[in-house]
Colleague: 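Have a look at the structure that comes next, please.
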Amino acid sequence: MSKYMTFPEAAFKDLDLLIAALEEIGCSYIRQGADLEMGRYYSEQLEQKVSIVIPRDVIGNDYGDIGFELTESGEYRPVMDELDRSRALNGRFIPMLRAAYNERVIAKVAARLRGTIHRAVEGGVVKIKVRF
Amino acid sequence: MPEINFTIDAQTGEMEMKVEGVQGAQCADVAKIVTELTGAPQQEENTKEYYAHPKVRPQIQNNKA
């Protein structure tokens, strides 16, 4: 082994991969743009502007919209209420999105390296080997 | 053959990556391709192999006529 890296943060750097991952996990309606305003359905929800909006009720997010804001470091970070974090996709919205996004990252890395992909699932772990 | 071993925890979506069989600058290039898509890793370790220099066998020219 020559390098070991972990990526535990829920941050998404590639817009196209993020949109594809959102569609894969069931987000059938996605708004994209600059300074999109998230809906305010309850008095405690403050004004929030983001780059991507999954409108309320699209994926079990009963409490409000789910947004993704573009940070100064060029990453898209989720903006969602804690109630929706535990409700959307039965509380699996972020884990499923990360898994779908990361699989796309691996496919893109393999394509850039002109490598081959070998995928296996063992228990709760997806193991993907890229040979190049 | 160089390879990258990725694991994705289905429960959390968290990804880990191990680059194997790649030395020095080429390993850094591979890591850069990944971090361009993932952002900076929380944890990163270089192993001995990362710092290894490729073996170069000196060549001696024999100019005897």
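Lettering of chains follows the sequences in order, A, B, ..., and the numbering in each one begins at 1.
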Colleague: Determine, using the 4.5 Å side-chain heavy-atom cutoff (strictly less than), whether A:Phe12 and A:Leu15 are members of one ILVMFWY cluster.
Modeller: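 Yes, A:Phe12 connects to A:Leu15 through the hydrophobic network.
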Colleague: For a 4.5 angstrom cut-off between non-hydrogen side-chain atoms, does B:Ile8 reach A:Val125?
Modeller: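 No, their side chains stay 4.5 Å or more apart.
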Colleague: Starting at CE of A:Met96, measure out to CD of B:Gln11 and round the result to the nearest 0.5 Å.
Modeller: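 Going from CE on A:Met96 over to CD on B:Gln11, the span is 11.0 Å.
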Colleague: Charged N to carboxylate O under 4.0 angstrom, A:Arg131 versus B:Glu20?
Modeller: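 Salt bridge absent between A:Arg131 and B:Glu20.
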Colleague: Quick one: what part of A:Glu103 sits under 4.5 Å from any heavy atom of chain B, side chain, backbone, both or neither?
Modeller: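 Both the backbone and the side chain of A:Glu103 come within 4.5 Å of chain B.
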Colleague: Answer whether the closest heavy-atom distance between the side chains of A:Met5 and B:Val34 falls below 4.5 Å.
Modeller: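 Sidechains of B:Val34 and A:Met5: no contact.
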Colleague: State, with a plain yes or no, whether a side-chain heavy atom of A:Ile106 is found less than 4.5 Å away from one of B:Met15.
Modeller: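 Yes. Closest side-chain heavy atoms under 4.5 Å.
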Colleague: Do the non-hydrogen side-chain atoms of B:Ile4 and A:Ile128 ever get within less than 4.5 Å of each other?
Modeller: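 Sidechains of A:Ile128 and B:Ile4: no contact.
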Colleague: So, for B:Leu37 and A:Arg112, which heavy atoms are closest and what is the spacing to 0.1 Å?
Modeller: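 Scanning both residues completely, I find the closest heavy atoms to be CD2-NH2, 4.3 Å.
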Colleague: Which one, A:Gly124, A:Ala100, A:Gly123, leads in non-hydrogen pairs under 4.5 Å with chain B?
Modeller: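 Option with the greatest count: A:Gly124.
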Colleague: For A:Arg92, which atoms come within 4.5 Å of any heavy atom of chain B: side chain, backbone, both, or neither?
Modeller: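 For A:Arg92, the side chain is the part near chain B, not the backbone.
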Colleague: May I ask you to test the B:Glu36-A:Lys108 pair for a side-chain heavy-atom distance under 4.5 Å?
Modeller: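 Not in contact.
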Colleague: Return the minimal non-hydrogen interatomic distance between A:Lys129 and B:Asn5, and the atom names on each side.
Modeller: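 Minimum heavy-atom separation between A:Lys129 and B:Asn5: NZ-OD1, 3.0 Å.
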Colleague: Quiz question: by atom type and distance under 3.5 Å, do the side chains of B:Glu16 and A:Tyr4 form a donor-acceptor pair?
Modeller: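 A donor-acceptor contact under 3.5 Å links the two side chains.
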Colleague: Hydrophobic clusters here meaning ILVMFWY residues chained together by side-chain heavy-atom distances under 4.5 Å, can you tell me if A:Tyr101 and A:Ile54 are in one?
Modeller: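 Yes, A:Tyr101 connects to A:Ile54 through the hydrophobic network.
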Colleague: Determine, using the 4.5 Å side-chain heavy-atom cutoff (strictly less than), whether A:Val121 and B:Met17 are members of one ILVMFWY cluster.
Modeller: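 Yes; B:Met17 is reachable from A:Val121 via cluster members.
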Colleague: Between B:Phe6 and A:Ile117, is there a shared hydrophobic cluster once you connect ILVMFWY residues whose side-chain heavy atoms come closer than 4.5 Å?
Modeller: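 Per the 4.5 Å side-chain linkage, B:Phe6 and A:Ile117 are co-clustered.
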Colleague: Where do B:Glu14 and A:Asn102 come nearest, in terms of heavy atoms and distance?
Modeller: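 Of all heavy-atom pairs spanning B:Glu14 and A:Asn102, the closest is C-ND2, 4.4 Å.
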Colleague: Do A:Leu70 and A:Leu18 share a hydrophobic cluster, counting only Ile, Leu, Val, Met, Phe, Trp and Tyr and linking them when any side-chain heavy atoms are less than 4.5 Å apart?
Modeller: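 Linked within one cluster.
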Colleague: Identify which of A:Val109, A:Ile94, A:Leu97 forms the greatest number of heavy-atom pairs closer than 4.5 Å to chain B.
Modeller: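 With the most close heavy-atom pairs to chain B, the winner is A:Val109.
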Colleague: Locate the shortest heavy-atom distance separating A:Phe132 from B:Met1; write the atom from each residue and the value.
Modeller: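 So the minimum-distance heavy-atom pair works out to O-CG, 3.5 Å.
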